[in-house]
Asks: 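Would you mind keeping the following structure in view while I ask a few things?
Sequence lines set the chain letters: A, B, ... in the order given, protein chains first and strands last, and positions in each chain run from 1.
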Protein chains: 2
Amino acid sequence: MANNFDEDGVGSLSVWAKRCYLAGRALMEDALRPHGLGTTQYYVLHRLATAGPTMQRDFARLLQVERATMSIVIAALVKKGLVEQIPDAVDQRQKLLRLTAAGAILWKELPDLGFIRDAAFGGLSETDIQTAARVLRTATERLQRRLKGDMP
Amino acid sequence: MANNFDEDGVGSLSVWAKRCYLAGRALMEDALRPHGLGTTQYYVLHRLATAGPTMQRDFARLLQVERATMSIVIAALVKKGLVEQIPDAVDQRQKLLRLTAAGAILWKELPDLGFIRDAAFGGLSETDIQTAARVLRTATERLQRRLKGDMP
DNA sequence: ACAACCTTGTTAGATAGCAAACAATATGTC
DNA sequence: GACATATTGTTTGCTATCTAACAAGGTTGT
């Protein structure tokens, strides 16, 4: 993805997908670093602050990451005292996540990250953006189909 | 990037850029895992096998990663005995990287990864792909400009 | 010559991602 | 009821990435 021995045609699209993702994430991290948060931690707080308490199980689907990854992100938030993990009354396996008071206070202090999207895509042709999104979505779905044992 | 509370327009493009990158990387990792390599390690071997010995310094530029990241990737390859790090005769700071015999043998055994690109983008409209690449490149360059202290 | 600066590489500590294996808990089926 | 299976979360160990701080080696300016 990130080599430069294939910089044209189809090759460069994968390269730019990677670089675009990493550059956007780096800007997010710069904005969040003063608050001691990472990007995925931010998404978790966002969800809890705007949609209320949520099962940990559901975050894997929502954020499209593995259970193991969620475990680690949540553990970091719990260690910082921003999120509580409450075992469900009827199914002890599941854990409900909820903002703590400290988490709610921190959430209010966080900057608006919309400027990143504006910086990246503001002013570009809407149809070009939609074409790009469609191409990447198609490619992603094909790759994911192949990942999920769709192969001989 | 990976939330699902902003799934349309400009928002979804960043989401799909991330997912496309990660899905492609996951397929690469599946193909390389039997050989005990990671994706960036593969790119380093590719360069050394096809372009010959290369200064470690230059890899940061070629692969667009930080010196610190290269240090870690190279250290892994050296530990596996696939790459040698040779201090330059005239400038002791710089290190030349070279495939070992074992590295050259392993390289020949590695599978061709072109199928991933074909799986992702094969058959899609060439102009759509170029539009997508142009949009992502523009966005990336804007983000990188802002990252490099181009801000008020 | 010497001090100030620049370049290169490494280390430490952090986030984020995965797979594989494990533990605990539900939910089947017989 | 008991054993097999599925779900949920954690742990371990790996890759990849970053920043920040450091060490060591060149370069430059006076």
Asks: Atom CD of Glu66(B) to atom P of dC18(D): distance rounded to whole Å?
Replies: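 Taking CD of Glu66(B) and P of dC18(D), I get 5 Å after rounding.
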Asks: Check the pair Leu97(B), Met55(B) against side-chain contact (heavy atoms from CB on, under 4.5 Å), reporting the backbone distance first and the verdict last.
Replies: CA-CA 6 Å; Leu97(B) 303 185; Met55(B) 287 293 179; over 6 Å; no
Asks: Identify the two heavy atoms, one from Glu84(B) and one from Leu99(B), that lie closest to each other, and give their separation to 0.1 Å.
Replies: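 Smallest heavy-atom distance, with atoms named: OE1-O, 4.4 Å.
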Asks: Enumerate the residues from residues 32-42 of chain B whose closest heavy atom to DNA chain C is under 4.0 Å, giving them by residue number; use none for an empty result.
Replies: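 Those residues are Arg33(B).
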Asks: Are Leu136(A) and Leu136(B) close enough that some pair of their side-chain heavy atoms sits under 4.5 Å apart?
Replies: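 Leu136(A) vs Leu136(B): side chains touch.
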Asks: Using the ring of each side chain (for Trp, its six-membered ring), is Trp107(B) parallel, tilted or perpendicular to Tyr42(B), with breaks at 30° and 60°?
Replies: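 Answer is tilted, since the angle falls between 30° and 60°.
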Asks: For nucleotides 21-24 of chain D, tabulate all protein N/O to nucleotide N/O atom pairs closer than 3.5 Å, reporting atom names and distance.
Replies:
none

Asks: Between Ala76(A) and Val90(A), who's closer to the 5' end of DNA chain C by nearest nucleotide?
Replies: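 In this pair, the answer is Ala76(A).
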Asks: Does the side chain of Gln56(B) get closer than 4.0 angstrom to OP1 or OP2 of dT10(C) through an N or O atom?
Replies: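 So the side-chain polar atoms of Gln56(B) do come within 4.0 Å of the phosphate oxygens OP1 or OP2 of dT10(C), strictly under.
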Asks: Tell me what Glu29(A) touches on the nucleic acid: a base, only sugar-phosphate, or nothing, going by heavy atoms under 4.0 Å.
Replies: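 Since no nucleic acid heavy atom lies under 4.0 Å of Glu29(A), the category is nothing.
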Asks: How is Lys79(B) classified with respect to the nucleic acid when contacts are heavy atoms under 4.0 Å: base, sugar-phosphate, or nothing?
Replies: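 It contacts nothing in the nucleic acid.
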Asks: So, taking the atom named OG1 in Thr127(A) and the one named CZ in Arg134(A), what distance separates them when rounded to the nearest 0.5 Å?
Replies: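 Reported to 0.5 Å precision, the distance equals 10.0 Å.
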Asks: Name the closest nucleotide to the Asp91(B) side chain, picking from dG25(D), dA19(C), dT17(D).
Replies: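 Comparing dG25(D), dA19(C), dT17(D) against the side chain of Asp91(B), the answer is dG25(D).
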Asks: Verify the contact: side-chain N or O of Lys18(A) to OP1 or OP2 of dA16(D), cut-off strictly under 4.0 Å; return yes or no.
Replies: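 The answer is no; no side-chain N or O of Lys18(A) sits under 4.0 Å from OP1 or OP2.
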Asks: Taking atom types as modelled and ignoring hydrogens, do the side chains of Gln56(A) and Gln94(A) form a donor-acceptor contact shorter than 3.5 angstrom?
Replies: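 Result is no, nothing qualifies.
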Asks: For the residue pair Thr54(A) / Arg47(A), report whether a side-chain donor-acceptor contact shorter than 3.5 Å exists.
Replies: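 Yes, a side-chain donor-acceptor pair sits under 3.5 Å.
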Asks: May I ask you to test the Thr40(B)-Thr69(B) pair for a side-chain heavy-atom distance under 4.5 Å?
Replies: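 The answer is no, as the side chains (C-beta and beyond) never meet within the 4.5 Å cut-off.
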Asks: Salt bridge or not between Lys95(A) and Asp88(A)? Use side-chain N to carboxylate O under 4.0 Å.
Replies: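 No, Lys95(A) and Asp88(A) are not salt-bridged.
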Asks: Once ring pair (Phe, Tyr, Trp, His ring centres under 6.0 Å) is applied, what residue pairs with a partner in residues 65-87 of chain A remain, sequence neighbours excluded?
Replies: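 For residues 65-87 of chain A, and leaving out neighbouring residues, there are no ring pair (Phe, Tyr, Trp, His ring centres under 6.0 Å) pairs at all.
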Asks: Measure from CD on Gln64(B) to P on dC18(D) and round the result to the nearest Å.
Replies: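 Answer to the nearest Å: 10 Å.
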Asks: Scan nucleotides 1-4 of chain D against the protein and return all N/O pairs shorter than 3.5 Å with their distances rounded to 0.1 Å.
Replies:
none

Asks: In whole Å, I'd like the distance from the CD atom of Gln94(B) to the P atom of dC6(C).
Replies: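 These atoms are roughly 18 Å apart.
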Asks: Starting at CZ of Arg19(A) and ending at C1' of dT17(D), how long is that distance when rounded to a whole Å?
Replies: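 So the two atoms are 14 Å apart, to the nearest Å.
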Asks: I need the Leu63(A) CG to His46(A) NE2 distance, nearest 0.5 Å.
Replies: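 Those atoms lie 11.0 Å apart.
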Asks: Please find the pair of heavy atoms, one from Ala133(A) and one from Ser12(B), that lie closest to each other, and give the distance.
Replies: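 That would be CB-OG, 3.9 Å.
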Asks: Below 4.0 angstrom, which residues in residues 68-75 of chain A have at least one non-hydrogen atom near DNA chain D?
Replies: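 Under 4.0 Å from DNA chain D: Ala68(A), Ser71(A).
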Asks: Using 30° and 60° as the class boundaries, would you call the ring planes of Tyr21(B) and Tyr21(A) parallel, tilted or perpendicular?
Replies: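 Plane angle between 30° and 60°, so tilted.
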Asks: Rounded to whole angstroms, how far apart are CG on Leu63(A) and P on dG9(D)?
Replies: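 To the nearest whole Å, that distance equals 13 Å.
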Asks: With sequence neighbours excluded, what pairs up with Arg137(A) under the side-chain contact (heavy atoms from CB on, under 4.5 Å) test?
Replies: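 Arg137(A) satisfies side-chain contact (heavy atoms from CB on, under 4.5 Å) with Glu141(A), Trp16(B) once adjacent residues are dropped.
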Asks: Could you give the CD-to-P distance, from Glu84(A) to dG9(D), as a whole number of Å?
Replies: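 After rounding, the gap between these two atoms is 16 Å.
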Asks: Grab the CZ-P distance between Arg61(B) and dG9(C) for me, whole Å please.
Replies: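 In whole Å, dG9(C) P lies 12 Å from Arg61(B) CZ.
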Asks: When you check the side-chain N and O atoms of Gln41(B) and Lys80(B), is any donor under 3.5 Å from an acceptor?
Replies: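 A pair is found: one side chain offers a donor N or O, the other an acceptor, under 3.5 Å apart.
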Asks: Leu96(B) has an atom CG; how far is it from atom P of dG9(C), in whole Å?
Replies: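 Rounded to the whole Å, the gap is 10 Å.
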Asks: Think Lys95(A) has a side-chain N or O under 4.0 angstrom from the OP1 or OP2 of dA24(C)?
Replies: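 Checking Lys95(A) against dA24(C): no side-chain N or O falls below 4.0 Å of OP1 or OP2.
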